[in-house]
2 protein chains.
Amino acid sequence: MFNAVADECRRRILASLARGECTVGQLTESLALPQPQVSKHLRVLRDAGAVRCRTQGRHRVYRVDPTALRELHEWTRQFEALWNERYDRLDDLLHDEEFDVDTDSDDEKGPT
Amino acid sequence: MFNAVADECRRRILASLARGECTVGQLTESLALPQPQVSKHLRVLRDAGAVRCRTQGRHRVYRVDPTALRELHEWTRQFEALWNERYDRLDDLLHDEEFDVDTDSDDEKGPT
DNA sequence: CCATCATATGTCTATATGAGTATATGTCAA
DNA sequence: TTGACATATACTCATATAGACATATGATGG
């Protein structure tokens, strides 16, 4: 699943499908990608459980399977506490960092 | 960033760091990975902006940079509406799917 | 049946990268 | 300075895979 969204084409496909289900042809057109490439990415997404499809006439209608995406969402939540804590920013100031720390950012201090 | 979390070793590193900052040696030990591998994964994570580090004595103390992780979290939110909607499950029943659909789930139907 | 449309798959190449090993860099202590 | 420790990098090999092309599969209409 994590691997499935690691590719930008697939992320674009998912973003398209998030707006509503699509056929392969519609994706091929809207994303301006060769059809075999779309099909192969859809295959990866299907194997990862990120999308489902149904056959409608000669078309294959794909749509997002929210469940798999939700797992990804849940995984990122383990870091939620970190970006809620202002400690983090504060920590930056207490320790001397040796990368791109703009030590002159004296504007935002005093979080209420 | 998406690529950074596509690897399970790196996800484990991030999960460790989510619990608190660590030195490379601590990660090497707790994850039971060879040290060069840990360093290389940390390098990828650093380049992706997922972690930061500071030098403390002979040690390098790494910690999560929540900002980058938050972006990932935000990306997954575009699918939030989908797993909130019950339409999705309903849609399964209206169309004939050709995968693992338990067609005998006749309990939830009738929302006009 | 055949022809056509829509999609999937196979094959090839180039490239990215993870694992493993050896070694370089850098820091501290004496 | 030397030596030990902590970490980073270089190098090699094997594997995974995206891209592009050709082609196979499957459904529809006559």
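Only heavy atoms go into these numbers, but all of them, side chains included; no hydrogens, no water, no symmetry mates. Residue numbers start from 1 in every chain, and the chains themselves are labelled A, B, ... in the order their sequence lines are given, proteins ahead of strands.
Heavy atoms of Thr28(A) sit nowhere under 4.0 angstrom from any nucleic acid atom.
Each ring-ring contact (aromatic ring centres under 6.0 Å, His included) pair with one or both residues in residues 48-77 of chain A, not counting sequence neighbours, appears once here: Phe2(A)-Trp75(A), His73(A)-His73(B), His73(A)-Trp83(B), Trp75(A)-Phe79(A).
Screening Val61(A), Thr28(A), Leu27(A) for a side chain to side chain contact (heavy atoms under 4.5 Å, CB included) involving Cys22(A) leaves a single residue, Leu27(A). Of the candidates His41(A), Gln37(A), Gln35(A), Gln35(A) is the only one forming a side chain to side chain contact (heavy atoms under 4.5 Å, CB included) with Ser39(A).
Here the CG-CD distance, from Asp65(A) to Glu71(A), works out to 9.0 Å after rounding to the nearest 0.5 Å. Between the CG atom in Leu31(B) and the SG atom in Cys9(B) there is a gap of 8.0 Å [rounded to 0.5 Å]. Taking CG of Leu42(A) as the start and CD1 of Ile13(A) as the end, the distance is 4.5 Å to the nearest 0.5 Å. Taken to the nearest 0.5 Å, the CG atom of Leu14(A) stands 11.5 Å off from the OG1 atom of Thr76(B).
Nucleotides of DNA chain C with any atom under 4.0 Å from a heavy atom of chain A span, from 5' to 3', dT4(C) to dT11(C).
Counting non-hydrogen atoms of other residues, nucleotides and ligands closer than 6.0 Å to CD of Glu74(B) gives a total above 12.
With sequence neighbours excluded, the residues satisfying side-chain contact (heavy atoms from CB on, under 4.5 Å) with Ala48(B) are Met1(B), Ala4(B). Qualifying salt bridge (charged side-chain N to carboxylate O under 4.0 Å, His left out) partners for Arg11(A), counting only residues two or more places apart in sequence or in other chains: none.
Between the P atom of dT7(D) and the CD atom of Glu29(B) lies a distance of 11 Å, rounded to the nearest Å. Rounded to an integer number of Å, the gap from CZ of Arg43(B) to P of dA8(D) is 10 Å.
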Along nucleotides 13-22 of chain D, 5' to 3', which nucleotides get a B, which get an S, and which get a -, given that the test is a protein heavy-atom distance under 4.0 Å? ----SSBBBB
Would you mind building the protein contact string for nucleotides 24-30 of chain D? One character per nucleotide, 5' to 3', B for base within reach (heavy atoms under 4.0 Å), S for sugar-phosphate only, - for untouched. ---SB--
